[in-house]
Structure formats: structure tokens, C-alpha cells
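By convention here, the first residue in the shown sequence is residue 1.
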Amino acid sequence: MMPHVLYRRKRQQQQQQQQPPQRRRRATIHCVTQTVDLIGRLPILSPECWVTRYVGLPDLCDKGNFARLARSCQDLCEPGEWDFIPDTWVLPEQAEAVRSLFGSKSGTFIVKPEDGSHGNGIFLVQGLRELDIKMSTRREKTAVVQRYIDKPLLLGGMKFDLRLYVCLAGGSSQRPPRVFVCREGLARFCTQAYEEPNSRNMHRSMAHLTNYSLNKRSEHFEHGGETIEAVFDPQSSASKRPLTAVLKQIEAEFPEFDRRGFYDRIAELARTTTAALAPVLVSYFRGVGGDGPMPCMHLLGFDVMLDRNFKLHLLELNNSPSLCVEEALALEIGDPRLEGRVARLFGRSREKDGKVCYCTDLEQPHLHRTALVDFVVKATVVGGAFRLLDQLARGVEWPQVKEFISVDVANHRLYFLLQSAERLFARSGGAQKAFTSLALRRTFEPLCQVSNARLEKHDLDAISVRCRGSSYVSQDRGVKPEPLRLFDFLDVLRRVGARAFPGESPAGAIERALAAVEPG
């Protein structure tokens with residue numbers, strides 16, 4: 001039986017009882033890793049408690065789904081507002097567009113599995129034949145094709161990206177989650193010197209891909225310092241460094257770099273992105289029987305890269321950024337701790353606390369230890385987020401923690417538009433009914449009457465046929481991806497608005513269409 005059905009039954013049983021359900025009195029943060037655990041916690045949470053997950057957020061952060069929804073929202077915002085997203089296509093649904101792209105433009109493209117992680121399955125291509133050959137060897141044919149950033153900002157000749165942490169908290173059908181961007185984060189460096197990609201060097205993954213899970217296996221990986229001073233040393237060349245330390249290094253090497261402007265652009269990037277996500281989270285929450293404020297919080301990982309002009313590029317959203325503070329330290333041949341252990345290289349269980357380990361973190365024997373750079377950065381992120389939650393639980397309207405920047409999403413035009421579209425989507429029957437001819441005729445009948453015959457009922461029948469299918473997928477076993485169909489419904493509104501109000505911008509036409517069909 002689906003978890004949300006169990007949740008609804010639990011709620012019904014509680015409502016039928018004469019005595020209200022017993023609630024926890026202590027403010028608690030419930031840490032969960034699975035949606036089914038989240039749904040199980042919802043009935044027993046008191047108003048002061050939080051659970052560390054939003055229903056539906058894993059699906060929103062899926063590479064393919066995020067590319068689709070970003071594409072759906074771009075023409076609804078001011079020109080250039082989504083320029084932080086590199087040109088992106090999703091296979092196989094945009095296969096023809098990708099084929100024509102290779103025929104008309106040169107350049108390098110990076111191909112990522114739609115549901116991949118840790119850098120697995122990523123490759124670079126510069127031609128259609130390369131793409132066809134490499135895709136033919138894959139079991140899964142779904143992938144995201146993205147224009148490769150071939151002129152990244154370098155430090156010490158090395159390419160790097162930035163892991164930024166964004167805290168989401170609360171939210172409801174009336175207001176979006178509160179959004180806070182942490183000033184601290186991580187910079188992850190490649191371990192081979194960067195050269196612009198060509199046929200001779202595209203195979204050098206550790207020069208082109210910044211993923212820590214790949215580069216930690218390199219013999220050139222440089223571990224961070226073992227003291228606070230060493231971690232934040234402005235001369236550090238470690239392969240993983242604190243964001244604030246790297247920003248100082250950039251300022252030293254590039255005097256024209258503006259750190260305050262960097263944080264302003266990060267905040268705006270987080271604002272626009274969250275404005276697109278927030279109304280869908282409400283729909284997911286309602287779908288599992290939730291009502292009222294969402295007692296949820298979440299730490300998202302925003303992986304971004306700076307190019308040589310200091311422009312920000314959002315590479316992907318990470319639904320579950322690692323909070324691990326451990327690293328594996330390879331042992332060299334001849335190390336006395338390896339004596340008598342060579343015969344046990346395989347099949348040995350993992351050991352920690354300074355003991356020799358043969359787990360899959362590294363190919364060679366290694367030790368596990370606390371990585372101070374991870375500990376310092378992640379303690380700052382988690383500790384600051386918990387202090388924000390404490391202030392919110394105590395009713396502080398504008399919580400402040402010095403390590404975080406508060407971001408205003410509630411006044412974003414895209415949020416208002418999607419919030420209104422989500423209400424109409426739910427009122428029209430949601431994913432099950434909203435796309436039928438009958439539902440579209442019922443929903444948009446007032447618009448047919450006020451648009452001077454520019455929109456007729458047979459137009460709605462044609463739109464129904466075009467928009468019944470969906471490309472959105474779910475990687476979360478706990479829920480169905482039906483709330484993601486809000487963006488398919490947005491396409492319905494776009495088509496209806498364009499027909500009824502020719503000459504209007506897409507956002508203006510949708511707003512007028514929504515105003516015409518709003519009750520009362």
C-alpha cells in the first residue's frame with residue numbers, strides 16, 4: 001500500500017477520536033533520508049518540529065526534470081534571468097534538436113546520465129558520430145546534453161567548481177519556503193592541468209570533470225591541511241578548499257573580481273530557482289495528505305562554476321549533498337602498516353579509526369580520517385541551518401545568522417504565476433483530469449466568452465490531444481511524479497494564453513488567462 005494512503009488513513013483515525021492525537025512537546029529536528037520515512041513522521045510532528053526532507057524534491061532535482069522545468073519557465077521571466085543555466089537538451093525527447101545542433105554549431109558538449117551521480121557515465125563529445133557511438137554502448141538511453149564551459153576560471157592552472165549550500169525551510173500554499181544561502185561552501189579542484197578540449201585530451205576526465213568522487217582517486221589529489229590555519233591558508237593548493245578561502249585567492253589573482261557581487265548573483269540564482277520549485281512542493285505535500293504549513297527543511301547543494309568573465313553557471317542541483325566529513329588517505333607501497341596484509345586485499349570488511357582499510361573508496365589500501373576542511377565547512381552549514389530553524393520555530397519573522405544570506409522568493413513574479421497556476425491545476429483535477437477535453441472546456445469556458453472568439457472550444461480539444469503525454473519521471477519510490485505535470489499544465493496555459501491574447505508576452509498572456517478563469 002502506498003505510504004500516502006497510510007498517512008491519510010492515519011489522519012482519518014486521529015480525527016475520529018474524541019481526544020486529539022498525542023503530540024511531541026519538545027522541538028525536534030527529525031533526520032530522514034527516505035520519503036517513506038518523512039511521510040511516516042508527518043502525523044506526529046508538533047508545530048515546533050522539523051523533518052529534514054521535502055516530498056518531491058528528489059524528483060525536482062533530477063537532471064532531466066530540472067532541465068525540462070527550467071526550459072518551461074525561461075520565457076516567463078525577464079530576458080537573461082535564466083542565463084545561469086548552460087544550454088541544455090534532454091535525450092531522447094530532444095534528439096532531433098541535438099542532431100541539428102551538431103550540424104549547425106561547433107563546440108564541445110558534456111553528456112550526463114539523467115539519474116547519474118558521482119561523475120559516473122559522464123563524457124565529452126564534439127560530434128554527432130561520437131555521441132551516437134557512446135550512447136549505443138549505454139543500457140539507459142536517457143541523458144542530458146549540456147554545452148560545455150570551455151573557458152572556465154582557473155586557479156593555478158586547475159579547473160574547479162563550487163558546492164554552495166542553500167537551506168529551504170517551511171512554506172505553504174500561501175507562501176514559499178524560506179530560503180537561505182550559506183556564505184561558506186566547498187571548492188572542488190581537478191587534479192590535472194586544464195586545456196581546452198580537443199580530440200587529444202577529451203579522455204582526460206581529471207582535467208575536465210571536477211567531481212570529488214573521481215579526483216580523489218588520482219595520485220595527484222592533494223589533501224587539505226590538518227590545522228585551521230592550513231585549511232584557510234591563502235597559498236593552499238589542496239584539491240578541496242573552503243569557498244571563502246578560494247574567493248580570497250580569486251581576489252588576489254584577479255583584482256577585478258567582486259566578492260559582494262558574487263554573493264548577490266548567487267542569491268538571485270537561488271531566488272529564481274526556488275521560485276520555480278516552491279509551488280510544486282506544495283502540490284507534492286498535498287498529494288500525501290498534507291495540509292497547512294510544511295514542517296520541512298532541506299539542505300540543497302547548488303553546484304556552480306565561474307567562467308573567465310566571472311559569470312556563474314549552475315551545473316546541477318544536488319538533492320542530497322554529502323555531509324560526510326571523512327576522507328580516505330592512500331597508503332604507499334612499503335608502508336609498515338601494510339605488512340602481512342597483502343593477501344587480504346579482497347573481501348575484507350571496512351575498518352576505520354586509523355586501521356588499514358580495503359573498501360571501494362580507493363583502489364589501494366588506505367586509512368579513513370576526518371577531513372578538517374569538510375568538518376569546518378559542513379559544521380558551519382549545518383550549525384547555521386539549525387540556528388535558523390530554532391529562530392523560525394520561536395516565531396522570529398526575519399531570522400538572522402551571520403553565515404547565511406536571506407533570499408526573498410515571495411515577491412518573485414515567477415512564483416506568483418506558478419502559485420496561481422498550481423491552484424488552477426489542482427482545482428481542475430490535477431494530473432488525472434486536468435488535461436482532458438472536458439476539464440479544459442470547463443476550466444477555460446469563461447476565457448472563451450471574453451476573448452472575442454479568438455479562443456474556441458475546439459481549440460481546447462486540440463490542446464488536450466497535444467498535452468496529454470509527459471516526459472517527467474520519478475526516481476523517488478515513495479511518491480508519483482504527478483505534481484511535476486504542473487509544468488505540462490503551464491504549457492496548456494501558454495497555448496491558451498497565446499490564442500486568447502495574441503501579442504502579449506508569454507507571462508502576460510498566462511496572467512491574463514489565469515485572471516479570466518479565477519473564481520469570483
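Between the OG atom of S72 and the CG atom of D491 there is a distance of 6.5 Å, given to the nearest 0.5 Å. For the atom pair CZ of F501 and CG of L455, the computed distance is 8.5 Å after rounding to the nearest 0.5 Å. Atoms CG and SG, from L277 and C61 in turn, are 6.5 Å apart once rounded to the nearest 0.5 Å. The OG1 atom of T273 sits 5.0 Å away from atom CZ of F302, with the distance rounded to the nearest 0.5 Å. The CZ atom of R271 sits 10.0 Å away from the CG atom of L414 when rounded to the nearest 0.5 Å. A distance of 8.0 Å separates CZ in R423 from OG in S173, rounded to the nearest 0.5 Å.
For R241 (side chain) and A238 (main-chain N/O), a donor-acceptor pair under 3.5 Å exists by modelled atom type. With hydrogens and angles ignored, the 3.5 Å screen pairs no side-chain donor or acceptor of T28 with any backbone N or O of C49. Without hydrogens or angle criteria, H30 side chain to L42 main chain gives no donor-acceptor distance under 3.5 Å. Side chain of N411 to main chain of R413: no donor-acceptor pair is present (N/O by atom type, distance under 3.5 Å, no hydrogens or angles). The closest donor-acceptor contact from the side chain of N211 to the backbone of S213 lies at 3.5 Å or more, if one exists at all. In this structure a side-chain-to-backbone donor-acceptor pair under 3.5 Å is present from Q249 to S236. In terms of modelled atom types and a separation under 3.5 Å, the side chain of Y54 and the main chain of M297 share no donor-acceptor contact. One N or O on the side chain of T436 and one on the backbone of K433 form a donor-acceptor pair closer than 3.5 Å.
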- Message: If you apply the rule side chain to side chain contact (heavy atoms under 4.5 Å, CB included), what do you find for L155 with I250, and how did you get there?
- Response: CA-CA 7 Å; L155 280 177; I250 295 174; 3.9 Å; yes
- Item | From CA spacing to verdict: salt bridge (charged side-chain N to carboxylate O under 4.0 Å, His left out), D264, R260 | CA-CA 6 Å; D264 288 344; R260 178 174 295 180; over 6 Å; no
- Should R468 and S464 be marked as a side-chain hydrogen bond (donor to acceptor under 3.5 Å, both in side chains) after you check the CA-CA gap, both sets of side-chain angles, and the distance that decides it? CA-CA 6 Å; R468 285 185 181 177; S464 173; 3.2 Å; yes
- Message: Walk me through whether Y165 and L186 qualify under side chain to side chain contact (heavy atoms under 4.5 Å, CB included).
- Response: CA-CA 9 Å; Y165 298 90; L186 286 169; 3.6 Å; yes
- Task: Output, in order, the C-alpha distance, side-chain angles, deciding distance and verdict of side chain to side chain contact (heavy atoms under 4.5 Å, CB included) for F285 and D291.
- Result: CA-CA 7 Å; F285 188 62; D291 55 14; 5.7 Å; no
- Message: For a side-chain hydrogen bond (donor to acceptor under 3.5 Å, both in side chains) check, start with the C-alpha distance between H412 and E81, then their side-chain angles and the critical distance, and finish with the verdict.
- Response: CA-CA 12 Å; H412 199 293; E81 194 166 348; 2.6 Å; yes
- Query: Can you check side chain to side chain contact (heavy atoms under 4.5 Å, CB included) on L299 and V166, steps first, answer last?
  - Reply: CA-CA 6 Å; L299 284 173; V166 178; over 6 Å; no
- Should H313 and D83 be marked as a side-chain hydrogen bond (donor to acceptor under 3.5 Å, both in side chains) after you check the CA-CA gap, both sets of side-chain angles, and the distance that decides it? CA-CA 8 Å; H313 301 269; D83 277 0; over 6 Å; no
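In this structure, E93 pairs ionically with R68, as a charged nitrogen and a carboxylate oxygen lie closer than 4.0 Å. Contact check on D37 versus R41 returns no salt bridge, with no Lys/Arg side-chain nitrogen under 4.0 Å from an Asp/Glu carboxylate oxygen.
Here the closest heavy-atom approach between residue W82 and residue C77 is recorded as NE1-SG, 3.3 Å. Residues D161 and R188 share a closest heavy-atom pair of OD1-NE, 2.8 Å. A pairwise comparison of heavy atoms in L281 and V55 identifies CD2-O, 3.7 Å as the closest pair. Residues H368 and E326 approach most closely at ND1-OE1, 3.0 Å, considering heavy atoms. The two residues A507 and L417 have their closest heavy-atom pair at O-CD1, 3.9 Å. When every heavy atom of D62 is checked against every heavy atom of N65, the shortest pair comes out as OD2-N, 3.0 Å.
Side chains of E184 and T380: no donor on one and acceptor on the other come within 3.5 Å. One side chain, T35 or R53, offers a donor N or O that lies under 3.5 Å from an acceptor on the other. Between the side chains of H223 and E327, a donor-acceptor pair is found at a separation under 3.5 Å. In the model, S172 has no side-chain atom that pairs as donor or acceptor with a side-chain atom of Q174 under 3.5 Å.
Using a 4.5 Å heavy-atom cutoff, the side chains of L514 and F416 are not in contact. Inter-residue side-chain proximity for K159 and M305 is flagged as met; some heavy-atom pair is nearer than 4.5 Å. With contacts defined as side-chain heavy-atom distances shorter than 4.5 Å, the pair Y284/D59 qualifies.
Under the 6.0 Å distance and 45° angle rule, R485 counts as a cation-pi partner of F435.
The aromatic rings of F254 and F310 stand perpendicular to each other, their planes meeting at an angle above 60°, with 30° marking the opposite boundary.
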Just list the side-chain donor-acceptor pairs under 3.5 Å for residues 395-407, sequence neighbours left out, or say none.
from	atom 1	to	atom 2	distance (Å)
E403	OE1	R387	NH2	3.0
E403	OE2	R387	NH2	3.3

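Within a 6.0 Å radius of CZ in F257, more than 12 heavy atoms belonging to other residues, nucleotides or ligands are found.
A search for salt bridge (charged side-chain N to carboxylate O under 4.0 Å, His left out) contacts involving D374 returns K240, K378, not counting sequence neighbours.
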